[in-house]
Amino acid sequence: MKSEEIIKILEEKYPPSCAEEWDNPGLLLGRRDREVQKILVSLDVTDQAAERAISWGADMIVSHHPLIFRGIKKISDETFLGRRLLTLAEHRIVCYAMHTNFDVRGMAELNARQLRLKNTEVLLITGEYQGRPEGIGRTGDLPEPMEPGRLAEYVKAAMELPAVRCYGKGEKKIRRAAVSGGSGKSVVEEAIAAGAEALITGDIDYHTAIDAAAQGLVIIDAGHYGTESVFIKAVAEELSRQLPDCQVKAMEVEQPFTVI
């Protein structure tokens with residue numbers, strides 16, 4: 001099967017038109033007519049992912065985060081990104097990314113299911129797809145009311161994380177929560193406006209967190225990787241179902257940090 005056929009299948013469900021204007025999803029390296037038999041699914045195209053793809057003999061990497069995000073002026077072995085691009089190109093590995101288009105059409109629902117949210121609504125509407133509002137994140141009712149500490153433990157277990165950070169204290173039980181995979185500090189106001197009593201996301205800075213807590217919004221920082229690693233298994237399983245003639249391997253879920 002050619003890479004362009006695989007890309008067509010992916011873009012039917014996760015159209016690039018659903019991506020944010022600043023984003024850079026799509027075919028980022030390689031040829032559309034490349035014959036593909038082995039696909040590696042990874043959150044990022046790191047050196048470790050590149051090494052795994054090469055050692056396994058992969059023809060294509062499908063990632064969440066784009067391998068190339070900002071403009072680059074040269075590709076040489078003088079930079080870490082240049083070396084990575086050259087290595088992948090030399091092994092004829094196609095790199096395709098689904099970023100904010102997947103956030104809108106996939107990640108939000110995956111996160112909501114992880115947390116077993118009920119009566120869900122789109123947190124930040126960014127457009128419409130087939131006549132329905134689509135966007136970043138979800139708000140919904142928790143399976144049961146939980147105080148902040150209990151909610152932090154619940155998120156940690158549900159997302160299979162080594163640790164989370166919780167901003168906001170008290171005995172008041174939280175009934176409705178918002179979740180936004182990745183970096184969600186920009187949706188704090190939307191979470192409050194939607195009636196959420198807690199926001200589960202990643203990359204929360206100190207001032208954003210304490211200001212949110214001052215407004216009564218509990219923040220659970222589950223990490224950028226922690227809230228998005230669900231992409232790996234979900235996309236690998238989806239590709240395995242849709243492409244029975246291809247071998248699909250999921251990159252191991254491994255937190256990029258150590259809690260000491």
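A quick note: this is a predicted structure, and the numbers were derived from the prediction, not measured.
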> Of the non-hydrogen atoms in G168 and P148, which two are nearest, and what is the gap between them?
Replying inline: O-CB, 3.7 Å

>> Are the side chains of I232 and H64 in contact, using a 4.5 Å heavy-atom criterion?
In response: no

> Do Q255 and L161 pass the side-chain contact (heavy atoms from CB on, under 4.5 Å) test, and can you show the C-alpha distance, the side-chain angles, and the key distance before you say yes or no?
Replying inline: CA-CA 8 Å; Q255 296 288 336; L161 304 173; 3.4 Å; yes

Which atom pairs, one a donor and one an acceptor, fall under 3.5 Å between side chains of residues 79-90 and the rest of the protein, sequence neighbours left out?
unit_1: T79; atom_1: OG1; unit_2: G82; atom_2: N; d: 2.9
unit_1: R83; atom_1: NH1; unit_2: D77; atom_2: O; d: 3.0
unit_1: R84; atom_1: NE; unit_2: D47; atom_2: OD1; d: 2.8
unit_1: R84; atom_1: NH1; unit_2: V45; atom_2: O; d: 3.0
unit_1: R84; atom_1: NH2; unit_2: D47; atom_2: OD1; d: 3.4
unit_1: T87; atom_1: OG1; unit_2: R83; atom_2: O; d: 2.9

> How close do R138 and V104 get, heavy atom to heavy atom, and via which atoms?
Replying inline: NH2-O, 4.1 Å

> Going from OG on S55 to NE2 on H91, what distance comes out if it is rounded to the nearest 0.5 angstrom?
Replying inline: 10.0 Å

>> The criterion is ring-ring contact (aromatic ring centres under 6.0 Å, His included); which residues satisfy it with Y14, sequence neighbours excluded?
In response: F102

>> Donor-acceptor check, side chain of D23 to backbone of E21, threshold 3.5 angstrom: yes or no?
In response: no

> When clusters are formed by joining ILVMFWY residues with side-chain heavy atoms under 4.5 Å apart, either directly or through shared neighbours, do L110 and I136 land in the same one?
Replying inline: no

> So which residues get pulled into Y206's cluster when ILVMFWY side chains under 4.5 Å apart are joined, directly or through others?
Replying inline: I210

> What closest approach, in Å, do S3 and R32 show between heavy atoms, and which atom pair accounts for it?
Replying inline: OG-O, 2.8 Å

> Can you name the closest pair of heavy atoms from A49 and L40 and give their distance?
Replying inline: O-CD2, 3.5 Å

> Does NZ belonging to K169 count more than 12 external heavy atoms closer than 6.0 Å?
Replying inline: no

>> Within this structure, what is the CD-OG1 distance for the pair E254 and T46, rounded to the nearest 0.5 Å?
In response: 9.5 Å

> Which atom names give the shortest non-hydrogen contact between A152 and C166, and what distance separates them?
Replying inline: CB-CB, 4.1 Å

> At what distance, to the nearest 0.5 angstrom, does CD1 of I200 lie from NZ of K156?
Replying inline: 15.5 Å

> Is F231 linked to I6 within one hydrophobic cluster, defined over Ile, Leu, Val, Met, Phe, Trp and Tyr using a side-chain heavy-atom separation of less than 4.5 Å?
Replying inline: yes

>> Looking at every heavy atom in both T227 and N111, which two are closest together, and how far apart are they?
In response: O-ND2, 2.9 Å

> Between R150 and K173, is any pair of side-chain heavy atoms under 4.5 Å apart?
Replying inline: no

>> Please determine whether the number of non-hydrogen atoms from other residues, nucleotides or ligands lying under 6.0 Å from atom CD of E160 exceeds 12.
In response: no

> Under 3.5 Å, is there a donor-acceptor pair between the side chain of D205 and the main chain of H207?
Replying inline: yes

> Only one of V94, I93, I61, L67 forms a side-chain contact (heavy atoms from CB on, under 4.5 Å) with L29, so which one is it?
Replying inline: L67

> With a 3.5 Å cut-off and no angle check, do the side chains of Y154 and E144 form a donor-acceptor pair?
Replying inline: no

> How long is the span from the CG atom in D141 to the CG atom in N119, to the nearest 0.5 Å?
Replying inline: 4.5 Å

> Any salt bridge between R175 and E197, counting N to O under 4.0 Å?
Replying inline: no

> For E147, does the CD atom sit with more than 12 other heavy atoms under 6.0 Å from it, leaving out its own atoms?
Replying inline: yes

> Got R176 and T139 here, is their nearest side-chain heavy-atom distance under 4.5 Å?
Replying inline: yes

> Counting only N and O atoms by type, is there a donor-acceptor contact under 3.5 Å from the side chain of T100 to the main-chain atoms of E20?
Replying inline: yes

>> Go through it in stages, so that I can follow the logic: the residues are I7 and M60, the test is side-chain contact (heavy atoms from CB on, under 4.5 Å), and I'd like the CA-CA distance, side-chain angles, deciding distance and then a yes or no.
In response: CA-CA 11 Å; I7 290 170; M60 184 175 187; 4.1 Å; yes

> Is it true that I125 and V179 fall in one hydrophobic cluster, defined by side-chain heavy atoms closer than 4.5 Å?
Replying inline: no

> Mind checking whether K13 and E238 have side chains closer than 4.5 Å, heavy atoms only?
Replying inline: yes

>> Whether the side chain of Y96 engages the backbone of E4 through a donor-acceptor N/O pair (distance < 3.5 Å, no angle test) should be reported.
In response: no

> Side-chain heavy atoms under 4.5 angstrom apart, residues restricted to Ile, Leu, Val, Met, Phe, Trp, Tyr: same cluster for M159 and V218?
Replying inline: yes

>> To the nearest 0.5 Å, what is the distance between NZ on K185 and OG1 on T201?
In response: 11.0 Å

> Heavy atoms, side chains only, cut-off 4.5 Å: are E153 and M146 in contact?
Replying inline: no

>> Checking H224 against H65 for the side-chain contact (heavy atoms from CB on, under 4.5 Å) test, could you report, in this order, the C-alpha distance in whole Å, the side-chain angles of both residues, the deciding distance, and whether it holds?
In response: CA-CA 11 Å; H224 197 125; H65 296 129; 3.3 Å; yes

> Going through the distances and angles, do E35 and K2 end up as a side-chain contact (heavy atoms from CB on, under 4.5 Å)?
Replying inline: CA-CA 4 Å; E35 285 291 340; K2 295 187 183 298; 3.2 Å; yes

>> Check for me, please, whether L27 and V62 land in the same ILVMFWY cluster - side-chain distances under 4.5 Å, paths through other members count.
In response: yes

>> With a 4.5 Å cut-off on side-chain heavy atoms, are E228 and M107 touching?
In response: yes

> Counting only N and O atoms by type, is there a donor-acceptor contact under 3.5 Å from the side chain of D59 to the main-chain atoms of Q37?
Replying inline: yes

> What distance separates L10 CG from L239 CG, expressed to the nearest 0.5 Å?
Replying inline: 5.5 Å

>> Is the shortest side-chain heavy-atom distance between R105 and P15 below 4.5 Å?
In response: yes

> Hey, is the main chain of I204 close enough, under 3.5 Å, to the side chain of T208 for a donor-acceptor pair?
Replying inline: no

> With a 4.5 Å heavy-atom cut-off, do M1 and D245 have their side chains touching?
Replying inline: no

